[in-house]
Amino acid sequence: MLLHLIGLFAATAQLETASISIVFGDVTTVEAAYVIRSDADSLRFTMIRLRGQDVRLNSLAPGLASIDSSGGVIRLAVPAGGTEETPTAVRYEVRGHRTRIPLFVPDTPTNPAMSDILIRIDGAGTGVRLTDGFPRLTRVGDGDVIARPENLPSFVHVPLESGRLSINRVSEAAVVGLLLFGSVLWLMRRRALRASSSSLR
Amino acid sequence: MGSTLIVALVVYFSIVLGIAVWSSFRTKTEEDFIAAGRSIGPFVGGAVLAATQISAGTVVGTLGRHYLTGVSWWYIWFGVWAGWLVSAFFVAPKLRRFGALTVPDYIGARFGSEKARALAGILIVVSYTIYLVAQFQASGEIAQAVLGMKPITAMLILVASTALYTMLGGVRSSSYIEFLQTLIMVSGLAIAVPILLHHAGGVRQAAEFLGSLDSRLLGWYYGPKELLAFGVSFGLSIAAAPYEMTRFYSMRDERTVKQAIGVSIGFQVIIGLSVLALGLLTRVLFPNLESADQASSIMAFEVLPPIVGALLVVAMVSAIMSTVNSVLLVTGASVAHDLYGRFVRPTASQLHLVMVNRLSILILALIPIYFALQKLSDVQAIVVEQTKFIASFFFVPVVIGLNWRRGTAAGAITSMFGGFFACLIWEFTGQHGFASHGIDAVEVGVGTSLFLFVVVSKLTKPVAEQNIEIFFPKSGDGRRD
């Protein structure tokens, strides 16, 4: 059992860089370039299929081996040619639901200390509540929005039409409220215990 | 999040230190140090038991295991809770009535044997050193993922802070700190779930993706035989876990112990469900992490808003600290009270014993760091292995010993030795040949231990009546609190 469990964690390949550009418009366009270090014959990618969306693959370099679209995922397999570092680029369009844009995630893991991931978002508008996005989004000087996650996410969540309530604000308020409520309750209980023990004396 | 996290950690460590200093002024005798003057009530007691149970194994290891293998791992909780119920009905009340300071105290008194006491003390130190390896490894994983800190630095900070509050205030400071830790864990984990669910696009969307990614994630990654073995390991080890039992001794009376176990199971249900949801949802958001053990810290750092993320990291750190603290209290007491105080300096004063206890805690905290840096396996696997050993050598002498009056010292000693070695041999050699039968090392260990306990006890002279009368009161006897 122990050896079996150790085996679960053996990683042989790694995502080195991922540069992803998302352009919002009537149709959202995604261009993604990956460099993966692997000595495998093919590289595999998985993309989450989100409800209310249609994803159309426009181009793929250096050449599509196979695409399988079933259930909740789209799978890609790309020939790697046996070299140690394989660059792969993919371009696709997303129609329909716009706030979550799916990404192809390679089956090779990321090493946060050595990998470099950049997601650039264009055309998201200025009214976007960045703090509610995923992964962490920041606005850069030219007005574009970027994310530099340490691990490649399944999708980018850009809350284009922010509601009045922010989930992050509500949860943070809940945390602070809970801690204050707990502290007050504890103080009241301690006071009551002290009062009852002094009255017994 | 970096600055928020640092502020949260500074505030948290300041509170912990404050409680420890306050407790140190109220700790005057060995009983104060090891059993908090037997003053802990049911709610604080329940939170303390939950904090002791919920370790890095849960917040880092179990969450990581759900990330990697899905829902089926959750079923082992039933084994955990079964272990608590066995403890509540067959172990805790009798041990609390006996009123010992440590588990080897019970072994020594119940079987009338100093050798059995010494063996129990040694086995506790060995097995819990393995447990500390898992806790330290988890602290290294969190520090590396969240702060970019070297694992060795994080481990030394953890050891310094935990050993400090354990050494200063003993069980009294630990109890209040662990009460606080449980509240932080429950609120941090529970609040994180809706945030992740919101990002993932709801339950249906998440389930569709997970099911397509790997159908076993929502079904049976582990088969029933494997889950049974894991559940049995956890259940049997919890029913006889020395670091949980030490906490029973610090509670007011038998009734308080039973109520505290109920409260503890309530906390564990919330924590278990939250950890399951967070593990699965982190897989939806980041389907291919390098290490499953990093799922919890990556979720806290990369998904949650700064205050919630910081709270969750504090919860993870506190889960590790509370377990390290409990383990250090037990192993320190084994060295100072059961070995040094009995065999090296039986005439040592109370003050001297407390000093030896504190020194033992410091030394025993440093040893596992070396092994944690080797990263021999993932956190949950180390925890599982350790529970198998605890169950194999302690379940029978503690649970059966408390409920079968014919058990003898020779039976207890052979049972502890036999269970330990049977588990060890099966784990590293025999099981590969028998794996298809689904017989796990813990079942072999406990089975061997039980067989030896019964057979050897039947063949040897019964224990003197004065040793066992407190555990087996004749009908009509009152309680002896």
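Both backbone and side-chain heavy atoms feed into the values below; hydrogens, waters and symmetry mates do not.
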So, the side chain of B:Q205 versus the backbone of A:R49: is there a donor-acceptor pair under 3.5 Å, distance only? yes

With rounding to the nearest 0.5 Å, note down the distance linking CZ in B:R283 to OG in A:S154. 9.5 Å

At a heavy-atom separation under 4.5 Å, does A:L15 approach chain B through its side chain, its backbone, both, or neither? neither

Would you say A:R136's side chain and B:L304's backbone share a donor-acceptor pair under 3.5 angstrom? yes

Part of A:T46 lying under 4.5 Å from any heavy atom of chain B: side chain

Please answer whether the main-chain N or O of B:H199 pairs with a side-chain N or O of A:R100 as donor and acceptor at a distance below 3.5 Å. yes

Heavy-atom closest contact (A:N151 atom, B:F286 atom, distance): O-CE2, 3.3 Å

Chain A heavy atoms under 4.5 Å from B:L183: which part of the residue, side chain, backbone, both or neither? neither

Side chain to side chain, A:E172 and B:V308, heavy atoms closer than 4.5 Å: yes

Any side-chain heavy-atom pair of B:N288 and A:L152 under 4.5 Å: no

Is A:L178 in contact with chain B via its backbone, its side chain, both, or neither, using a 4.5 Å heavy-atom distance? side chain

Would you say the side-chain atoms of B:E302 pair up with the backbone N or O of A:P135, donor to acceptor, closer than 3.5 Å? no

Nearest-0.5 Å distance that lies between atom CD1 in B:I307 and atom CZ in A:R169: 10.5 Å

Between A:G133, A:P153, A:P106, A:A174, the one whose heavy-atom pairs under 4.5 Å with chain B are most numerous: A:P153

Please flag which part of A:V175 lies under 4.5 Å from any non-hydrogen atom of chain B: side chain, backbone, both or neither. both

Specify which of B:L289, B:I184, B:I191, B:L285 makes the most heavy-atom pairs with chain A at under 4.5 Å. B:L285

